Colleague: 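Starting off with a structure, shown below.
Computed from a predicted structure; not experimentally measured.
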There are 2 protein chains.
Amino acid sequence: MSQSHTDVPDEPCSLGEVLEQVSGKWTIGIIMAAIPGPIRFTELEREVEGISRRMLTLTLRKLERDGLLVRTVYPTVPPKVEYTLTDIAKELHDSFQGLITWADRHKGTIQANRTAYDRAE
Amino acid sequence: MSQSHTDVPDEPCSLGEVLEQVSGKWTIGIIMAAIPGPIRFTELEREVEGISRRMLTLTLRKLERDGLLVRTVYPTVPPKVEYTLTDIAKELHDSFQGLITWADRHKGTIQANRTAYDRAE
DNA sequence: CTGTATCCTAGTAGATACTG
DNA sequence: CAGTATCTACTAGGATACAG
């Protein structure tokens, strides 16, 4: 049972980094909304339900900085800006499928666990 | 491939929930440390580098509430408490593998992107 | 349309001391 | 050993107003 392996089993840092990457309340929602193709600022504001203008800007900048999306400005009047996912972001989205499956399969159980736990308090 | 529907492509809520689930600075670290088998409070405190006693307790309670681990108390003196992952948590860990791969493959690129972006400021 | 700037709040987390 | 209790600090995030 208690092996002398005190070290962590997998790659702790990598996972920490990816979670750092997708952390934040809105990151995933934005990536999801941008999956079908280039999307404008206002469209994102509409599609990512509940996001504030401020957080949309901040999250977009972070994603752009990390190279997960590119920002294209069309110098028209009024201005038009499109955000497009990079391949890296698309791969990230693919990697999420396993998590989505997990969430779908266990969301009911988890909810039930919580209710039971809270009642047992 | 996803259709060109303008609505959200996949299951936005499920993914939001799973991220809610694993959110928190220490959640993943604890799951990782518990993968090899039952683990005690103090062992976790040592293995999850940098965690405070308070956050360890809080995160363990949350995980227990969600049914991701079970808490077993041995009424000995001094007390002994073991935390064991449930199958749900192990499945979650499996689902992370894709993310880990993603992180490993792109961490260098992302770092480079950040440096470039910051210099372009 | 696409943002910035400012102010404010609430939740997350650290440090420390104490206890069954 | 395995926690709880306090108290404090930081930051993510919301609301709102303004600007190129």
Side-chain angles (χ1 to χ4, degrees), chain A residues 1-2 6 16-31 33-34 38-66 68-84 114 117 120-121, chain B residues 6 12 16-17 19-31 33-34 37-66 69-85 117 120-121:
Chain A
M1 187 63 84
S2 57
T6 349
E17 283 158 23
V18 70
L19 288 174
E20 192 101 346
Q21 194 61 240
V22 300
S23 78
K25 196 171 174 181
W26 305 107
T27 309
I28 303 302
I30 290 176
I31 292 180
I39 187 169
R40 300 181 62 173
F41 189 87
T42 319
E43 293 174 330
L44 281 168
E45 210 173 356
R46 270 196 305 271
E47 292 215 18
V48 183
E49 201 92 4
I51 195 171
S52 66
R53 192 162 291 160
R54 177 182 131 86
M55 287 317 295
L56 180 53
T57 303
L58 287 179
T59 313
L60 285 172
R61 292 295 173 272
K62 177 193 165 199
L63 256 15
E64 187 194 1
R65 181 170 108 107
D66 292 339
L68 265 61
L69 53 76
V70 293
R71 177 171 176 269
T72 313
V73 183
Y74 299 93
T76 58
V77 181
K80 173 179 172 181
V81 179
E82 274 186 350
Y83 293 92
T84 312
R114 284 179 186 171
Y117 185 94
E121 285 298 69
Chain B
T6 338
E17 283 158 23
L19 288 174
E20 192 100 347
Q21 195 60 241
V22 300
S23 78
K25 197 171 175 182
W26 305 107
T27 308
I28 303 301
I30 291 177
I31 292 180
I39 187 168
R40 300 182 61 173
F41 188 88
T42 320
E43 294 174 329
L44 280 168
E45 209 172 357
R46 270 195 306 272
E47 293 217 19
V48 183
E49 202 92 5
I51 194 170
S52 66
R53 193 163 290 160
R54 176 181 133 85
M55 288 316 297
L56 180 54
T57 303
L58 287 179
T59 313
L60 285 172
R61 291 296 173 271
K62 177 192 164 199
L63 257 16
E64 187 194 1
R65 181 171 109 105
D66 292 340
L69 52 77
V70 292
R71 178 171 176 269
T72 313
V73 183
Y74 300 93
T76 57
V77 181
K80 174 179 172 180
V81 178
E82 273 186 350
Y83 293 91
T84 311
L85 293 188
Y117 184 94
E121 285 299 70

Colleague: Throw together a table of side-chain donor-acceptor distances under 3.5 angstrom for residues 49-57 of chain B, partners on residues two or more places apart or in other chains.
Modeller:
unit_1	atom_1	unit_2	atom_2	d
B/S52	OG	B/M55	N	3.2
B/R53	NE	B/E45	OE2	3.1
B/R53	NH2	B/E45	OE2	3.3
B/T57	OG1	B/R53	O	3.0

Colleague: Mind checking side chain to side chain donor-acceptor pair (under 3.5 Å) for B/R71 and listing every partner two or more places apart, or none if nothing turns up?
Modeller: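 If we apply the side chain to side chain donor-acceptor pair (under 3.5 Å) test to B/R71, skipping adjacent residues, the hits are B/Y83.
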Colleague: Sequence neighbours excluded, which residues qualify as side chain to side chain contact (heavy atoms under 4.5 Å, CB included) partners of B/K25?
Modeller: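 B/K25 satisfies side chain to side chain contact (heavy atoms under 4.5 Å, CB included) with no other residue.
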Colleague: Who pairs with A/T84 by side chain to side chain contact (heavy atoms under 4.5 Å, CB included), at least two apart in sequence or on another chain?
Modeller: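 By the side chain to side chain contact (heavy atoms under 4.5 Å, CB included) rule, A/T84 matches A/P38, A/V70.
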Colleague: Hey, does B/Y117 have a side-chain heavy atom less than 4.5 Å from the side chain of A/R61?
Modeller: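 Side-chain contact under 4.5 Å: yes.
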Colleague: Residues two or more places apart in sequence or in another chain: which of them pass side chain to side chain donor-acceptor pair (under 3.5 Å) with A/R114?
Modeller: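 Partners of A/R114 under the side chain to side chain donor-acceptor pair (under 3.5 Å) test: B/D66.
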Colleague: What's the angle between the local helix axes at either end of the helix from C/dC1-D/dG20 to C/dG20-D/dC1, using five pairs per end and rounding to 10 degrees?
Modeller: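 Rounded value for the end-axis angle: 50°.
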Colleague: Using a heavy-atom cut-off of 4.0 Å to chain A, what are the terminal contacting nucleotides of DNA chain D, in 5' to 3' order?
Modeller: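 The footprint of chain A covers D/dG13 to D/dG20.
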Colleague: Enter the distance from B/I28:CD1 to A/L19:CG here, rounded to the nearest 0.5 Å.
Modeller: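 If I round to the nearest 0.5 Å, the distance is 5.0 Å.
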Colleague: For residues B/K62 and B/T27, report the shortest heavy-atom separation together with the two atoms involved.
Modeller: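 Reported closest heavy-atom pair: NZ-OG1, 3.9 Å.
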Colleague: On DNA chain C, which is the earliest and which the latest nucleotide, 5' to 3', with an atom closer than 4.0 Å to a heavy atom of chain A?
Modeller: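 Contacts span C/dC1 to C/dT6, reading 5' to 3'.
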Colleague: Can you give each donor-acceptor pair under 3.5 Å made by side-chain atoms of residues 75-82 of chain B, sequence neighbours left out, with the distance rounded to 0.1 Å?
Modeller:
unit_1	atom_1	unit_2	atom_2	d
B/T76	OG1	B/Y74	O	3.4
B/T76	OG1	B/P78	O	2.8
B/E82	OE1	B/Y74	OH	3.2

Colleague: Are B/F41 and B/L60 side-chain neighbours, meaning at least one heavy-atom pair lies under 4.5 Å?
Modeller: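 Yes - at least one pair of side-chain heavy atoms lies under 4.5 Å apart.
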Colleague: Looking at residues 50-63 of chain A, who's got a heavy atom less than 4.0 Å off DNA chain C?
Modeller: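 Per residue number, the list reads A/R53, A/R54, A/T57, A/R61.
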Colleague: Identify the two heavy atoms, one from B/A34 and one from B/I39, that lie closest to each other, and give their separation to 0.1 Å.
Modeller: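 Looking at all heavy atoms of both residues, the shortest contact is CB-CG2, 3.9 Å.
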Colleague: Please work out which residues in residues 69-78 of chain B have a non-hydrogen atom less than 4.0 Å from an atom of DNA chain C and list them by number.
Modeller: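 DNA chain C contact set from residues 69-78 of chain B: none.
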Colleague: Check A/L44 against A/A33 and note the closest heavy-atom contact, atom names and distance.
Modeller: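 Heavy atoms of A/L44 and A/A33 come nearest at CD2-CB, 3.8 Å.
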Colleague: Please enumerate all residues that pass side chain to side chain contact (heavy atoms under 4.5 Å, CB included) together with B/R46, with sequence neighbours excluded.
Modeller: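 Testing B/R46 for side chain to side chain contact (heavy atoms under 4.5 Å, CB included), a comparison that skips the adjacent residues, returns B/T42, B/E43.
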